Amino acid sequence: MRRTATLLGLAALPVAVLGVFFVLPVVGMVGRGFWPDGTFDPGAVAEVLTRPRVHRVLWFTVWTASVATALSVALGLPAAYVLHRLRFPGRGLVRGLLLVPFVLPTVVVGVAFRQLLRDGGPLGVLGLDGTPAGIVTALVFFNVAVVIRTVGATWEGLDHRPAEAAASLGAGPATVFRTVTLPALRPAIVSAASVVFLFCATAFGVVLTLGGSRYASVETEIYLLTTDLLDLPAAAALSVLQLVVVVGLLVVAGRARRTPDATTARSTAPAQPVRRRDLPQLAVTAALLAAVATPVVALVVGSLRTGGPGGGGWTLEHYRALSGRGGTPGDPTLVVPVLDALVTSLRVAVDATWMALLLGGLVAVVVTRRSRGRAERRLRGVLDGFFMLPLGVSAVTLGFGFLITLDSPPLDLRSSPLLVPLAQALVALPLVVRTLVPVLAGLDDRQRQAAASLGAGPLRVFATVDLPAAWRPVLAAAGFAFAVSLGEFGATSFLVRDEAPTMPVVIFRLIGHPGVGDYGAALAASVVLAATTAVVMLAVERLRVPALGAW
Amino acid sequence: MTMTSCSLVGGDDDGAAGGDRETVVLVVHDSFALPEDLVADFEKKNDLTLEVRKSGDAGELTNKLVLTKSNPVGDVAFGVDNAFASRALDEGVFAAADVDLPAGADAYDLPGDDDHALVPVDNGNVCVNVDDTYFAKKKLDPPATFEDLTDPRYKNLFVTPSAATSSPGLAFLLATIAEYGDDWPAYWKRLMANGTRIASGWTDAYQVDFTQGGGAGDRPIVTSYDSSPAFTVPEGGTTSTTSALLDTCFLQVEYAGTLAGGDNPEGAKKVLAWLVSPEVQAALPDSMYVFPVADGVPLPTAWATFAKRPTAPKTVDPDEVTAQRDAWLREWTDLTTR
C-alpha cells in the first residue's frame, strides 16, 4: 500500500502537468472536430478517413519516417561507438558538433537544404530537390544526434567484461558485438529509434519546406486543415489517427525495450585508443560529420557573403546588423535586437531545462523501480508511455487547444510568460525520460535493497545508488532539453510574446522579408544560434566528470 | 532589458512596467511591426499600455479569432485580409466600430461589410516579379502578362509559392482566377507544362529560387509583391534590378477590427483610430512593406521611385473566395501535383 502511495505521489506532479497542459488542450481541440456545431457528429470524422488523399498522406508519413529511422540508427550506431568508446583528440568537439543540427530551426535548415539541392545548387546533380529522398535526408540530418547520444551514453557505461570474456573464448569482434554488446544496447537502441520515429513522423517544417505542395505528412496536413481550411473534423480525424498510431508504436517499442534483467551492470571502462579494426566505424563517423557539416557550412558561407547575386564579396555586415534592429535606422523589422532575443532564448531554455529535468526525472524514477505484482508493473508501463505522447501529437492541435481550453480563470494561462518554457519542456520531456530510463532500469535493484537494509532512506538510496550512475545521462538529458528549447519553433511561435521573441522566431521573421540584407542577417543569426548550442553542448561535455559513477 | 537572472522565473516581469495603467490587447499576424517610438507615443497620449500578441499568418490569425470568439484573446485585431475577412465576419468575430476613416480609405472597404466592422489599414499587391538584369543579359524581352508565362521562350524560368501553403501563393492563384474565370484550370495546365516550379512558401521561392533573392537561385521570374523592387536597388544605384509585372497583380487589403466581447472596447477603438492616423500610415511601408490606405501620405524615397503600383489590380469577391476556396485549392493541388 505504502509503495503504491509513494509511486502515485511521485507521479502526481508530472501527471498533473501533462493533464493540464497536454491532455486538456488536445481533448478540447479534438472535441471541436467531433462536435462541430455543438452536436456529436462522428460521421464527418469517419468520412475523412475514406478520402484517398488521407491514405496517401498516411502512407507517406509511415514510410519516410521508417526509412529515416533505419538510416539514423545505421549511421548513429558506429558514430556512438567511435564517440563514446574510443579515445582520440577532439572527441568532445565532434560530439558537440554532431548535436548542432538537432536544434537548428527547421525553417532555416529547410532553406539551407533547398539551397544545396536545387537545380544549379552545389549538390543539384544529385537530383534530390523536391523528392522524398531529400526529405528523408533532412530527417536523418536532424535525428542522428538522438541515436548517438542515447545509445552512446549507455554504451559508455556498459560493462566491458562480458565482451572481453567472449573474446577470450575465441569469439571474433562481429560475434562479440552480435551476441554480447548488441543485446545489452538493445533497450537504448529501441528507445532512440522510437523517439526518432516519432520525431520523423511529426516533422513539420522539413516536410513543408522540402515537400512543397507535392508531399504532405499527417502533421503538415493537420496544419493545413486547421490553419488554412478550418476543417476541424478532418483535423480531428487525423489527430486521433496519429494518436492511435503513436500509442500502438509505444506499446510495441515498450515490449522490445524491456530490459533483459540486471545483467547489464554498469561500469566505466576507460575509452580505448583507436585500433586498426575501428577503421570502418571511423569512416562512417567521418562521412556523417561531413554530411552534417555541409548544410551548416552553407549557412556560414551564406552569412558571410554580401547580398544578392553579382555582389558576391565577403563581409561581416550581417553579423554587425545583429546588434541593431535591422538594416536601416528606424527600420523596425525586429522588435528587439537579435542579441536580446538570444538572451531571452537562453533564459527560456534554463526554465525549460529544469522543468523537463524535474518532470522527466520523476517519471524516470517512477517507471524504473522494480515492480511488485503485475498491476503495479502495468501501471508503470502505462505511465511510461503516457509521457511519450507529447511527441506524437501535432503541435498545431496542441497550440489551438491551449487557446480554447486554458481560457478561463483559474486556468487563463494564454498570456502567462511561463507558457513558452512549459511548452518546450513538454517537447523535451520524452527525450529526457528516454535518456534516463535505460540507465536507471539497468541498475541492479539489489543494490538499492542492500542500501536500504543498511538503513538508508529512499532519498539516501537515490543519492548513493541511482544518482552516481545517472549523473552523466542527467547531464546529457539537460543538454538535450536545453538544446531543444533553444531551437524549438512550432509551439513557441504559437505562444511567444511579441516583446520577448526567441531566436528561432526572430530568424523566421528575418527570413520572411523581402530585403536581401534581412536574409543575410537571418543566416548570421542562425550561425549564432548554432554556435551557442555548440558551446552549451561542449560545456556539458566538459562537465562530465569521469571519476563519478565508478563504484 | 536587465539581465538580473538567467531564468524567467526569477527575472523581472517586463510586462509590469505599466503600473496600474489600463491595458489594451492587440492581436496581430506575424508580419506586424511598428516603430517603438510610435507605440510609446500612443501609450503616453492615451494613458494605455498596448500589448501586442502575434498569432501566425493572416489565415491562422483569422481561424484563431473564430475559434476563440466566445472568449477573445484580445480587444482588437489587425491583419485579417480580404481573402479571409468574410469568414471572420460571418462568424461574428468583430463588433461594429465607429471610427473616422482618413480620406481615400473608403476605396478599400470590404464589400458586404455594411456595419463597417472592419477598418482598412494597409494594402499591397501580389505581382509576378522579374529579374531585369537576367533578361538584359540574355537579350530577351521580359514577360509582361499571364499569357507570357506560358510562352516557350520563358520555359523553366518561373517559380511561385504553393497556393495551398502560402498566402502570396493563394493570391496569385486568385489573380489567375480573376483573369481567366472558370477557365483557370486550363491556364494552370499550360503554366505547369511550361516548367513552372512550385515552392512551399514565399521565402523558399524568392530567397532560394529567384535569381535576385538572397540565395542567388536560377529562376528569374517569381511571385512576390509590388513593393519588392524597392528592395533590390544596388547600393548607390539609381535603378532597381527587378520590376513587378503590373498586369499580374492581385490586391490584398489588411483590416483591423474590434473583437466582440473584448474586455476593453474603448481602448480598442483608440487603437483603430491610431492605426489609420497619419503617423502610423506613414510608418507602414518601412515597417511592414505595405502601402497606406490614406491619401496624401508621403512614401519613402525608394518606394516613390521603384515601387510602382498597378492601376487595375485583379480582385475576386471575398464571399466567392470563402465559398469556393476549398474547392479551388483541391483542384489546384490536383493540377500541380503529378
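Computed from a predicted structure; not experimentally measured. Per chain, numbering begins at 1; letters A, B, ... match sequence-line order.
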Trp188(B) meets the side chain to side chain donor-acceptor pair (under 3.5 Å) criterion, sequence neighbours left out, with Thr176(B)
Under the side chain to side chain donor-acceptor pair (under 3.5 Å) test, which residues partner Asp132(B), sequence neighbours left out? Ser243(B)
Between Glu60(B) and Thr226(A), is any pair of side-chain heavy atoms under 4.5 Å apart? no
Heavy-atom contact with chain A under 4.5 Å, split by part of Pro229(B): neither
Between Arg197(B) and Arg114(A) the two heavy atoms that sit nearest each other are NH1-NH2, 3.9 Å
Side chain, backbone, both or neither: which part of Leu224(A) has an atom under 4.5 Å from a heavy atom of chain B? side chain
Ignoring hydrogens and angles, tell me if any N or O in the side chain of Arg118(A) forms a donor-acceptor pair with the backbone of Val208(B) under 3.5 Å. yes
Does any heavy atom of chain A fall under 4.5 Å from the side chain of Leu170(B), the backbone, both, or neither of them? neither
When heavy-atom pairs shorter than 4.5 Å are enumerated against chain A, which of Asp204(B), Val73(B), Thr68(B) gives the highest number? Asp204(B)
Examine whether an atom of Arg330(B) lies under 4.5 Å from a heavy atom of chain A, and if so say whether it belongs to the side chain, the backbone or both; otherwise answer neither. neither
One should read off an interatomic distance between Ser200(B) OG and Leu210(A) CG, to the nearest 0.5 angstrom, of 8.0 Å
In terms of heavy-atom proximity below 4.5 Å to chain A, should Val66(B) be classed as side chain, backbone, both, or neither? side chain
Is it the side chain or the backbone of Thr220(A) that comes within 4.5 Å of chain B heavy atoms, both, or neither? neither
Can you name the nearest heavy-atom pair linking Phe400(A) to Asn63(B), along with the distance? CE2-C, 4.4 Å
Hey, is CG on Asp37(B) packed in by over 12 heavy atoms from elsewhere, all under 6.0 Å? yes
Under 4.5 Å from any heavy atom of chain B, what part of Leu232(A) do you find: side chain, backbone, both or neither? side chain
Inter-residue atom distance Leu230(A).CG - Glu91(B).CD, 0.5 Å rounding: 7.0 Å
